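For reference, the structure discussed in these notes is given below.
As the structure is a computational prediction, the values presented were derived from the model and not from experiment. Each chain gets a letter, A, B and so on, in the order the sequences are listed, and its residues count up from 1.
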2 protein chains.
Amino acid sequence: MVEPTPGYELPLQLFAAFRAIIDAAHADLARHGHPDVKPMHGFVFQAIGTSGTTAVELGKRLGISKQAAGKTIAGLEQQGYVERAADPGDARRKLVRLTAKGVDMLAVSARSFDAIQARWAQTIGPERLAALQADLRTLAPGEVFRLDIPGWFGADR
Amino acid sequence: MVEPTPGYELPLQLFAAFRAIIDAAHADLARHGHPDVKPMHGFVFQAIGTSGTTAVELGKRLGISKQAAGKTIAGLEQQGYVERAADPGDARRKLVRLTAKGVDMLAVSARSFDAIQARWAQTIGPERLAALQADLRTLAPGEVFRLDIPGWFGADR
DNA sequence: CCATGATCGACAACCTGGTTTACTATATGG
DNA sequence: CCATATAGTAAACCAGGTTGTCGATCATGG
């Protein structure tokens with residue numbers, strides 16, 4: 001058995017695992033008062049962080065245009081997860097910060113991710129999970145997380 | 001150090017690894033005569049397979065509506081990757097099959113995925129990679145691969 | 001001190017891909 | 001022979017991303 005699996009299975013497995021985590025986390029979120037957040041939003045909140053940011057900065061962190069970041073912020077503002085305030089030191093900028101609701105969502109999702117990780121550690125053993133993560137770090141060295149999934153996946157150009 | 005990484009890193013690592021593979025494969029494809037295929041298309045080709053399928057069947061396999069499948073097929077047909085023919089046994093159905101170009105693309109991508117897998121095996125060691133794949137299979141047991149990434153990622157639940 | 005250039009946020013037009021709803025054509029079974 | 005189910009297509013719409021543009025506001029160099 002030199003070649004147990006065809007090479008195309010590896011990316012599928014990676015993605016299935018990714019999706020399994022995200023789905024589990026969002027099932028958790030729905031159960032804890034955040035039924036309307038989309039998978040994307042979690043990453044946006046993470047990128048905003050507790051100290052706030054601006055549209056341009058958010059765009060850079062997520063690897064999308066500032067316009068796209070602005071649209072996302074507008075949507076999140078309407079849902080009550082973030083709020084915008086003028087920057088006292090620079091009238092061009094608008095500070096984007098998480099509301100209490102946004103902070104709560106971030107806390108719930110952090111707990112959820114930790115719980116999932118713990119469950120996985122229990123399933124395959126903590127040392128196996130640690131090895132898995134170490135190997136992933138080696139193979140896909142830590143780049144910034146980029147959020148342009150739809151465009152990346154579907155558009156090439 | 002009981003908890004070396006916060007739980008939210010795990011999905012990010014998984015996705016980064018997934019993306020690294022896909023990007024490498026498509027760089028390969030671009031170098032071998034298929035510069036205009038998008039990440040999505042590879043999965044579509046895989047779902048069509050060498051024996052062909054229909055729009056409805058394709059939609060089921062990819063977890064998207066038959067209309068979306070039809071649109072994708074139309075695009076691929078225009079690019080010369082698939083062709084449609086009437087089903088002699090059922091005048092409602094239209095058989096979708098890969099053209100020679102489509103088959104070639106599938107072959108190139110298969111070779112590419114194998115090469116990437118081999119490279120990874122070399123990097124972390126074959127037994128580590130085997131362990132990684134075995135663990136992923138355990139943690140995200142083999143579901144059907146679903147292609148509705150854009151909608152899934154961005155749609156509410 | 002001010003002109004020039006860079007930066008921030010917003011708007012508009014457009015693209016891709018997905019969804020729902022609706023309709024036609026063809027099978028199939030009571 | 002008719003009722004129902006299925007295959008494919010089209011239209012209208014939505015979400016999210018992109019580029020291009022613009023006004024307002026800094027920052028800097030002459």
Side-chain angles (χ1 to χ4, degrees), chain A residues 36-44 47-48 52-79 81-97 145-157, chain B residues 19 36-45 47-48 52-79 81-97 145-157:
Chain A
D36 47 357
V37 285
K38 313 169 195 174
M40 211 189 67
H41 294 153
F43 296 100
V44 178
I48 294 173
T53 183
T54 68
V56 167
E57 179 55 28
L58 183 61
K60 269 181 199 148
R61 282 187 201 163
L62 298 176
I64 59 180
S65 66
K66 62 176 182 175
Q67 293 89 335
K71 278 192 196 177
T72 302
I73 291 168
L76 253 25
E77 188 177 31
Q78 210 163 3
Q79 289 188 270
Y81 282 106
V82 305
E83 58 191 1
R84 272 184 280 198
D87 183 331
D90 187 337
R92 292 172 306 179
R93 313 177 78 209
K94 286 193 185 166
L95 273 279
V96 181
R97 268 173 316 174
F145 182 74
R146 312 196 57 220
L147 227 228
D148 54 344
I149 320 277
W152 165 75
F153 202 68
D156 147 315
R157 196 139 319 187
Chain B
R19 185 159 179 162
D36 47 357
V37 285
K38 312 169 196 173
M40 208 190 69
H41 294 154
F43 296 99
V44 177
F45 290 152
I48 294 173
T53 182
T54 68
V56 166
E57 180 55 26
L58 183 62
K60 269 181 198 148
R61 281 185 202 167
L62 298 176
I64 60 179
S65 65
K66 62 177 182 177
Q67 293 90 335
K71 278 192 196 178
T72 303
I73 291 168
L76 254 25
E77 188 177 32
Q78 209 162 1
Q79 288 186 271
Y81 283 106
V82 304
E83 59 190 1
R84 273 184 281 198
D87 183 331
D90 186 337
R92 291 171 307 176
R93 312 177 78 207
K94 287 191 184 168
L95 273 281
V96 181
R97 266 172 318 175
F145 183 75
R146 312 197 55 219
L147 224 231
D148 53 345
I149 319 279
W152 166 75
F153 204 67
D156 83 322
R157 183 123 328 177

Checklist entry - Over how many whole Å does the gap from B:Lys66 atom NZ to C:dT20 atom C1' extend? => result 12 Å
Checklist outcome for this item: Distance col, row B:Glu57:CD vs B:Leu62:CG, nearest 0.5 angstrom, shows 9.5 Å
Item to check | Exercise: identify the closest heavy-atom pair between A:Ala85 and A:Arg97 | outcome: CB-NH2, 3.8 Å
Item to check | Heavy-atom closest pair, residues A:Phe153 and B:Lys38 | outcome: O-CB, 3.9 Å
Next on the checklist: Which is more 5' along DNA chain C, the nucleotide nearest B:Gly63 or the one nearest A:Gly70? Just name the residue.
Outcome noted: A:Gly70
Next on the checklist: Going by side chain to side chain contact (heavy atoms under 4.5 Å, CB included), name the residues that satisfy it together with B:Gln79, two or more places apart in sequence or in a different chain.
Outcome noted: B:Asp36, B:His41, B:Leu76, B:Tyr81
Item to check | Qualifying residues under side-chain hydrogen bond (donor to acceptor under 3.5 Å, both in side chains), relative to A:Glu77, sequence neighbours excluded | outcome: A:Arg84
Checklist entry - With nearest nucleotides of DNA chain D determined for B:Lys71 and B:Glu57 from heavy-atom distances, which residue corresponds to the more 5′ nucleotide? => result B:Glu57
Next on the checklist: Between C1' on C:dT16 and CZ on A:Phe153, what's the gap in Å once rounded to a whole number?
Outcome noted: 14 Å
Checklist entry - Does the base of D:dG16 carry an N or O that pairs as donor and acceptor with the side chain of A:Gln67 under 3.5 Å? => result no
Next on the checklist: Strictly by salt bridge (charged side-chain N to carboxylate O under 4.0 Å, His left out), give each pair with a member in residues 85-95 of chain B just once, sequence neighbours left out.
Outcome noted: B:Asp87-B:Arg93, B:Asp90-B:Arg92
Checklist entry - Quick one: side chain to side chain contact (heavy atoms under 4.5 Å, CB included) partners of B:Ala55, sequence neighbours excluded? => result B:Ile73
Checklist entry - Just to confirm, is there a sub-4.0 Å distance from OP1 or OP2 of D:dG16 to any side-chain nitrogen or oxygen of A:Ser65? => result no
Item to check | Rounded interatomic separation in angstrom, taking CG from A:Leu58 and C1' from C:dA10 | outcome: 16 Å
Next on the checklist: Taking 4.0 Å as the cut-off, does a side-chain nitrogen or oxygen of A:Lys38 come that near to OP1 or OP2 on D:dG16?
Outcome noted: yes
Checklist entry - Which is true for A:Lys94 with a 4.0 Å heavy-atom rule: it touches a base, it touches only sugar-phosphate, or it touches nothing? => result sugar-phosphate
Checklist outcome for this item: In whole angstroms, the gap separating P of C:dG17 from CZ of B:Phe43 amounts to 15 Å
Checklist entry - What's the spacing between A:Thr54 OG1 and A:Lys66 NZ if we round to 0.5 Å? => result 10.0 Å
Checklist entry - Minimum heavy-atom separation for A:Ile64 to A:Ala69, with atom names? => result CD1-N, 3.9 Å
Checklist entry - Roughly, in whole Å, what's the span from CD1 in B:Ile64 to P in C:dG17? => result 11 Å
Distances under 3.5 Å between nitrogen or oxygen atoms of protein and nucleotides 25-30 of chain C:
| residue | atom | partner | partner atom | Å |
| --- | --- | --- | --- | --- |
| C:dA27 | OP1 | B:Ala91 | N | 2.4 |

Checklist entry - Which whole-number value in Å describes the distance from B:Asp36 CG to C:dT16 P? => result 13 Å
Item to check | N or O in side chain of A:Arg84 less than 4.0 angstrom from C:dA10 OP1/OP2 | outcome: yes
Item to check | Relative orientation of the end axes in the helix from C:dC1-D:dG30 to C:dG30-D:dC1, expressed as an angle to the nearest 10° (five pairs per end) | outcome: 10°
Item to check | Which nucleotide in D:dT18, C:dG18, C:dC8 has an atom nearest any side-chain atom of A:Val56 | outcome: C:dC8
Checklist outcome for this item: Rounded to whole Å, CG of B:Leu76 lies from C1' of C:dT16 at a distance of 14 Å
Item to check | Sole residue of B:Val44, B:Ile48, B:Thr53 in side chain to side chain contact (heavy atoms under 4.5 Å, CB included) with B:Val82 | outcome: B:Ile48
Checklist entry - Should B:Thr54 be listed as having a side-chain N or O under 4.0 Å from OP1 or OP2 of D:dT6? => result no
Next on the checklist: Tell me the interatomic distance from A:Leu62, atom CG, to D:dT18, atom P, rounded to whole angstroms.
Outcome noted: 10 Å
Checklist entry - Using a cut-off of 4.0 Å on non-hydrogen atoms, how would the nucleic acid contact of A:Ala68 be classed: base, sugar-phosphate, or nothing? => result base
